S.K.: 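One structure is given below, represented as structure tokens, and several questions about it will come after.
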Amino acid sequence: MKAVRYVGPGRAPEIVDLPKPDPGAGQVLVKIGGAGVCHSDLHILDHGPAELRPFTLGHENAGWIAALGQGVTGWNEGDPVAIYGPWGCGTCHSCQGSAENYCEHHASLPTYGGGLGSDGGMADYMIVPSPRLLVPLGTLDPVMAAPLSDAALTPYHAIKSALPLLTPDTTAVIVGVGGLGHMAVQILRALSPARLIACDVDDSKLAHARNLGADHVVNTRDGRMAASHIRDLTGGRAVKVAFDFVATQPTIDLCMGIVGRGSRISIVGMGGGTIAYTVNKPHGCEIDLPYWGSRTELMEVIALAQAGRIKADVQSFPLEHATEVYQRLRDGRIHGRAVLVP
Ligand code: NAD
Ligand code: ZN
Ligand code: ZN
């Protein structure tokens with residue numbers, strides 16, 4: 001089978017032929033329907049730790065069960081499934097509560113998950129180490145559903161914990177309307193009555209946010225002017241929750257400049273910016289550093305999609321086009337989420 005491999009930091013991914021894997025005891029073999037192309041892969045391809053051995057990329061996956069390893073029950077070949085991405089130890093307090101994204105043993109685990117150290121879904125088939133990491137898709141198409149497992153789950157987790165702040169008289173801001181951000185707009189629309197301002201540096205991404213239900217859009221290429229415009233849009237009350245899906249220094253500075261007292265900045269992006277601390281200012285502002293989401297939250301995200309309340313805007317490409325698709329993502333030429341289809 002064909003597979004898209006990480007081969008080392010600073011090197012382009014390679015497309016190679018690998019034997020079709022066999023599921024061992026307790027494992028499940030999934031035939032991949034779609035593997036989402038996440039911006040995190042670019043961070044890994046550029047700066048992945050040197051000690052990381054080559055592995056198949058793709059940490060946002062869905063497909064159909066192809067074979068059950070010895071002892072696996074409760075599933076059938078052909079069942080459509082989403083694959084939960086952040087693989088924890090499965091036994092600690094966090095994992096037992098389904099929050100494997102916050103596994104207490106993460107530092108001693110050999111892998112962060114499939115496509116993040118272990119072989120992922122940019123291939124015809126993928127081994128899932130335990131059926132607990134599968135969520136049924138029902139009637140959803142695996143190609144369209146692949147982004148639910150990261151591009152939707154990650155903002156869902158960030159937004160859900162901020163909901164008590166997002167009352168009808170407040171303003172939420174989303175910075176970066178790409179793969180995660182375009183799902184965040186829809187999730188906020190589905191779950192919260194807050195006024196929603198979407199920000200990006202690309203006007204076509206802003207038009208997309210408008211179509212998905214953002215109340216206002218602001219181009220943030222000039223950060224100082226954008227901050228002042230956003231403050232005006234809040235009627236002087238400032239932003240209650242800013243979700244940063246970029247998190248480079250300019251976007252973090254923007255978020256710091258628009259939130260008010262008793263607010264929250266949720267830093268989801270991995271752009272490498274830092275927050276400067278200046279004597280509790282603004283007072284009562286909390287900083288959230290969310291990572292991915294829990295298994296039960298993936299079930300909730302899938303329920304939202306099944307109800308037709310969120311839908312990934314998918315651009316699908318053949319698996320063999322992976323290198324070109326990564327370049328398109330780097331150049332900002334992906335609309336919504338790119339999904340590779342084997
Ligand atoms: P993407 O490339 O699909 O989207 C990024 C968007 O940000 C684009 O629309 C781009 O135009 C916009 N943008 C770029 N620079 C900007 C700026 N200075 N101001 C405003 N907008 C700007 O990326 P994605 O796949 O949605 O990932 C977004 C980030 O989230 C990445 O850093 C990724 O690594 C991170 N991520 C984090 C988690 C987590 O668990 N915390 C999970 C997945 C992805
Ligand atoms: Zn990702
Ligand atoms: Zn654990």
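This one's a predicted model, so the numbers in the text were calculated from it and none came from an experiment.
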S.K.: Test your reading of the model: is there a side-chain donor-acceptor pair from T251 to the backbone of V246, 3.5 Å cut-off?
M.R.: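 A pair under 3.5 Å: no.
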S.K.: Rounded to the nearest 0.5 Å, what's the gap from CE on M126 to CG on D119? Could you check?
M.R.: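 Reported value, rounded in 0.5 Å steps: 8.5 Å.
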S.K.: Quick check: closest heavy atoms across A35 and A146, and the distance to 0.1 Å?
M.R.: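 Shortest heavy-atom contact: N-CB, 4.4 Å.
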S.K.: Counting N and O atoms only, with roles assigned by atom type, does the side chain of T154 sit under 3.5 Å from a partner on the main chain of A151, one being a donor and the other an acceptor?
M.R.: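 Absent.
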S.K.: Quick check: is V241 connected to V175 through a chain of hydrophobic side chains (ILVMFWY, heavy atoms under 4.5 Å apart)?
M.R.: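 No, V175 and V241 fall in different hydrophobic clusters.
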S.K.: Can you tell me how far the SG atom of C199 sits from the CD1 atom of I230, to the nearest 0.5 Å?
M.R.: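 Answer rounded to 0.5 Å: 3.5 Å.
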S.K.: With a 3.5 Å distance limit and no angle check, can you tell me whether S98 reaches the backbone of T296 through a side-chain donor-acceptor pair?
M.R.: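 Such a contact is found between S98 side chain and T296 backbone.
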S.K.: Tell me, do L18 and R5 make a side-chain contact under 4.5 Å, heavy atoms counted?
M.R.: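 They are in side-chain contact.
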S.K.: Nearest 0.5 Å, what's the CG-CD1 distance between L57 and I44?
M.R.: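 One finds 7.0 Å between CG of L57 and CD1 of I44.
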S.K.: Please check: side-chain N/O of E300 versus main-chain N/O of L153, any donor-acceptor pairing under 3.5 Å?
M.R.: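 Checked: no pair found.
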S.K.: Out of curiosity, L298 CG to L148 CG, how far, rounded to the nearest 0.5 Å?
M.R.: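 Reported value, rounded in 0.5 Å steps: 7.5 Å.
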S.K.: So, H47 versus H43, ring centres under 6.0 angstrom or not?
M.R.: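 No; H43 has its ring centre 6.0 Å or more from that of H47.
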S.K.: Looking only at non-hydrogen atoms, find the nearest pair between H105 and C89 and report the distance.
M.R.: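 Smallest heavy-atom distance, with atoms named: ND1-SG, 3.4 Å.
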S.K.: Could you check whether any side-chain N or O of Y326 sits under 3.5 Å from a backbone N or O of V37, counting only pairs where one atom can act as donor and the other as acceptor?
M.R.: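 Flag not set: sc Y326 to bb V37 has no pair under 3.5 Å.
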S.K.: To the closest 0.5 Å, what do you measure between CG (D41) and NE2 (H59)?
M.R.: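 Reported to 0.5 Å precision, the distance equals 5.0 Å.
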S.K.: Would R189 and D215 pass as an ion pair if we require N to O under 4.0 Å?
M.R.: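 Looking at R189 and D215, the cut-off is met.
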S.K.: Is it the case that the side chains of Y84 and E100 hold a donor-acceptor pair, with the cut-off being a distance below 3.5 Å and no angle test?
M.R.: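 No, because no side-chain N or O of E100 sits under 3.5 Å from a partner of the opposite role on Y84.
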S.K.: Tell me whether R337 is salt-bridged to D313, with the criterion being a basic N under 4.0 Å from an acidic carboxylate O.
M.R.: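 Looking at D313 together with R337, the answer is no, because their closest N to O distance does not fall below 4.0 Å.
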S.K.: Quick check against the 3.5 Å criterion: does Q186 have a side-chain atom that pairs as donor or acceptor with the backbone of H182?
M.R.: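 Here the side-chain-to-backbone pair exists.
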S.K.: Can you tell me how far CG of L206 sits from CD1 of I197, rounded to the nearest 0.5 angstrom?
M.R.: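 Taking CD1 in I197 and CG in L206, the distance rounds to 12.0 Å.
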